[in-house]
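All residue numbers in this chain count up from 1 along the given sequence. None of the values given here were measured: they were computed from a predicted structure.
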Amino acid sequence: MVAFGKYLQRKQIEEWSGYYINYKLMKKKVKQYAEQIQGGSQHPRHVLKDFSRMLDTQILKVNHCLQIETTVLFMLEQQGLLSGRLAKLRESHDAILEQPDISRIFELREAYRDVGRDLLQLLKFVELNAIGLRKILKKFDKRFGYRFADYYVKTRANHPYSQLQQVFKHVGVGAVVGAISRNLHELQENEGSFYSIYDQPVLPAQDPVVEAINNAVDKLTFSTNFLNFLAQHALIMQDDLVTPSEDTIDERSYHFNSLLLNLGNTFLYMVNTYIIVPTADDYSMSLGAAATVCGVVIGSMAVAQVFSSVYFSAWSNKSYFKPLVFSSIALFIGNLMYALAYDANSIALLLLGRVCCGLGSARAVNRRYISDCVPLRIRMQASAGFVSASALGMACGPALAGLLQIKFKFYKFTFNQSTLPGWVMAVAWLFYLVWLCISFREPLRDTEDGEKNNRNETTSATDRVESSRVEEGLRLPLLITSGIKPEDEEECDESEESPEDSHKPANSFIEAYRLLTPSVKVQLLIYFMLKYSMEILLSESSVITSYYFSWTTSSVAIFLACLGLTVLPINILVGSYISNMFEDRQILLTSEIIVFLGILFSFNLFVPYTVPQYVISGLIMFVAAEVLEGVNLSLLSRVMSSRLSKGTYNGGLLSTEAGTLARVVADATITLGGYLGRGHLLNATLLPSLVICIGSIVATCCTYNSLY
C-alpha cells in the first residue's frame, strides 16, 4: 500500500522537488486540528480560518520556511521557456515553408515533440500539486464533517487575486498546447501543399489537453452557467472530477440518433403524464365516479412508476434498447386501455391503463443512458437536453389537451376530450416504437469495448509511432490522475479512504440510504416537499377551478401550459444570474420560504375565493418550487457519494423515487380530501403541503451550516 505522500515523493521531478506542495506538512496539520478541537483548545471557526490561510500559503509558497520562489511563478517561468523555444522553432518553420525539405521537416517535427515532452513534465507538475490539494481538502472534510472543499475551491478559483486562478486556469499552458498542435498539424497533414489550417473548411479536432483543462476547471470551480445548471438539474450522477481523458466511452460507439430517441422518450412520457390532467375529473364523472377520483387516476401512473424505476434501472445494466422497447409497448397498450375505458364504461379499465403507462416509465433508463453512453465533452449538453425535454413535455401535455376539444364517433369508438388524449398518445408511442426499432443502436458494453480496443491497437501508421509519446501523454488527465497509473491511484485511495469512500456501487436501497449524509437526507426531504406541493397544485386544478370559477377544460389547459412554460425561463434566470449572486444554500432557504408563502396565500379562509388569488398564489408557489428544485438537485449532484454515481441504486434513482412517492401521496391526498366535499378540498389538500413545507424549512435551518 502506497500513501499519497510517499507517492508524491516518488513521482516528483528531481530538479523541481522544491516547488511541490508540502503534503506531509498539511496532513500533520489536519491531525493537529482534530486534536485541538477534541481538547477544546481551538474553536472550529478558528481552525477553518487557519487551514484556509495554510492552503493559500502552500499554493503561494511551496515550502514557506525555505522557499522563496512560488509555484505560480515557477509555472509561469517554465511556460515562458517553452514559449521561447516555440518562437525559435517557428522561425525555422517559416523558412521550411519557403523552401520545403523533407529531412528538415522531420527534424522540426522531432523538435516540436521535444517541446511537447517537456510540456508533459510541466503538466505532471501542475497535476500532482492539484491532486495533493484535492486530497488534503477531502481528508479535511472527512475528518471534520464539513463541505469545506467546495467552499474553498469555489471562492479561491474565481477570486481575481487568488493564486489558485493561475493553478487551475492556466491559460498559458493552453496557448503552448495550441501552438504545438497547430504546427504539428501543418507539418504532418500538409506536407505536399503547406496550406494554412485556417484555409481548410474543417478545422482539426481540439487538442485533448485543452478540452481536459476546460472540463476540469468547470468541475473544480462549480461554474453555474445556464447549461451547467440545467445539467445538474437532471441529477445525472457522475464520478468525482472525471475528465475527457479518463472517459471510457468510445467516441465511435456514441450514436447521436440514439441520444435523440432517448430524449424523445423523456418528452413523450412527460406529455403522457400531464395530457390527462385538464380532463381527468370529467372522465371520472362520465364513468360514474366522483370528480376527486381524478387524484387516483393521475396518481395510479406514479404508483406504478415507483416499482418500474427499480427494474428499469436494473435492466439498464444489461441493455438500453430492450427497456425502451418495453416502455413504448407498455405505454401504447396503457393509452389504448385509457381511451377504450369510456366505451367500456369501466373505471377499472381506466385505472389499469394508467398503471400500465406507469409501468412503462423509463426515466431511470433515460438518465442512465446519458450518464453511461454519452461522451463527457457533450454530457452536460445532453443532461440539459433531458431537463429541457421534460419541461417542454410538461407544457405541451396540457396545451395539447386544450386543443382536443372535439367529439365524434367512428365505428364503436368514441372520440372526445376525455378519450382523445389516450388515442393521440397511443399513436405517438406507436410511431416512436417504429423509429426506435429502425434507428436506435445498442451501445457497446465494457467487454465489447475491450475487444474493439485490442483490434484497433494492432493497426498503426509510421507517423503515429513517431508521435506516440507526445500524443499519449497529451491524452492524460490534467488535474486528476495523469501521472498516476490506475493501480497506483487505487493504492493511494485504499490507503487513505474508508470503504465507504470506495467506488463500489450500492447494492440495495438500504445500503444506498446509509451512504446519505444528514444534509443529503434533508435535500431529499425538500425534493419530496416541492414535488408534493406541485402535484397538489397541478392535479386538483381542474376540480378547484371548475368549482370556484366554472373554468372550461380549455381554460385549465391554458393555465397549466403557462405554468409549464415558466420552467426554462426560470432556470435561465437562476442559472445565469441568481446563482452567481448568492450562495446555493441562501437560494435554497429563500425559495422554501416563498413556497411556504405561496401555499399560505392559496388557502380559502375569510374572503370569497377569486381568480387572481388562485392564479397569483399558484404561480408564486410553482415558480419558487422550480427554483428550489434546480438549486436542490444542483447541490445533490455535488454532495452525494461517488458510490451513487453508478449501479442500479444510483443517485438518480433515489431522487426519482422521492419525487414519485411525493406524487403518489399528493394524489392520494386529493382523493381522500374529496370525501370532505369539493368545497373543503382546497384547504384539506393545502394543509399537508403547509406542514411538510414548514418541516423542510426547519430541517434546512438545522443543517444550514453544512450546506455549500
Side-chain angles (χ1 to χ4, degrees), residues 232-237 266 269-270 273 298-314 358 361-368 371 383 386-387 390 394 505-506 508-539 584 588 591-592 595 622 624-641 643-645 647-669 688-689 691-700 703 707:
Q232 292 172 333
H233 196 155
L235 195 61
I236 294 173
M237 303 295 296
T266 300
Y269 184 79
M270 293 302 291
T273 300
I298 297 171
S300 56
M301 190 172 180
V303 172
Q305 187 179 346
V306 172
F307 303 98
S308 66
S309 296
V310 178
Y311 67 72
F312 269 116
S313 183
S361 171
R363 288 180 68 79
V365 178
N366 301 146
R367 280 193 174 102
R368 185 76 178 276
S371 176
S383 301
F386 174 85
V387 175
S390 299
M394 183 179 179
S508 66
F509 274 119
I510 296 177
E511 187 176 354
Y513 181 80
R514 290 173 179 169
L515 294 174
L516 303 180
T517 62
S519 60
V520 173
K521 293 176 183 177
V522 169
Q523 288 172 275
L524 288 177
L525 172 63
I526 295 172
Y527 192 62
F528 179 93
M529 178 274 292
L530 68 91
K531 284 296 183 183
Y532 180 91
S533 302
M534 292 171 67
E535 188 71 10
I536 289 291
L537 173 65
L538 299 175
S539 295
D584 285 347
L588 192 78
S591 300
E592 287 182 89
V595 170
F622 187 84
E626 275 299 320
V627 173
L628 182 60
E629 181 177 5
V631 176
N632 189 53
L633 292 183
S634 175
L635 284 169
L636 274 174
S637 68
R638 299 204 299 257
V639 302
M640 270 193 175
S641 169
R643 294 181 62 186
L644 296 176
S645 65
T648 301
Y649 303 94
N650 53 66
L653 176 63
L654 294 181
S655 65
T656 299
E657 292 292 82
T660 304
L661 284 173
R663 292 173 52 205
V664 171
V665 176
D667 292 324
T669 303
S689 300
V691 173
I692 298 173
C693 186
I694 293 174
S696 70
I697 292 174
V698 173
T700 302
T703 59
L707 297 174

Between OG on residue Ser361 and OH on residue Tyr311, distance to nearest 0.5 Å
8.5 Å
For Ser390, side chain to side chain donor-acceptor pair (under 3.5 Å) partners two or more places apart:
Arg363
Taking only residues two or more places apart in sequence, or in another chain, which ones meet Ser591 in a side-chain contact (heavy atoms from CB on, under 4.5 Å)?
Ile587, Val627, Leu628
For Val306, give me all partners under side-chain contact (heavy atoms from CB on, under 4.5 Å), at least two apart in sequence or on another chain.
Glu657, Thr660, Leu661, Val664
Quick check against the 3.5 Å criterion: does Ser696 have a side-chain atom that pairs as donor or acceptor with the backbone of Cys693?
yes
Set of side-chain contact (heavy atoms from CB on, under 4.5 Å) partners for Ala512, sequence neighbours left out
Ala506, Leu644, Tyr649, Leu654
Is there side-chain contact between Met529 and Asn632, with heavy atoms separated by less than 4.5 Å?
no
What's the separation between atom OG1 in Thr700 and atom CG in Leu525, rounded to the nearest 0.5 Å?
7.5 Å
Indicate the atoms forming the closest heavy-atom contact of Lys521 with Leu516, along with that distance.
CE-O, 3.5 Å
Do Thr703 and Gln523 come within less than 4.5 Å of each other through their side chains, counting heavy atoms only?
no
Tell me every residue that passes side-chain contact (heavy atoms from CB on, under 4.5 Å) with Thr669, counting only those two or more places apart in sequence or in another chain.
Tyr532, Ile536, Val665, Thr685, Pro688
Using a 4.5 Å cut-off on heavy atoms from C-beta on, say whether the side chain of Met534 contacts that of Glu626.
yes
Using the side chain to side chain donor-acceptor pair (under 3.5 Å) criterion, which residues pair with Ser689? Sequence neighbours excluded.
none
More than 12 heavy atoms from other groups under 6.0 Å of OH on Tyr513
no
Interatomic spacing from OG in Ser655 to CZ in Phe528 - rounded to 0.5 Å
14.0 Å
Does any non-hydrogen side-chain atom of Met301 lie less than 4.5 Å from one of Asp667?
no
From Met270 CE over to Thr266 OG1, what is the distance, rounded to the nearest 0.5 angstrom?
9.0 Å
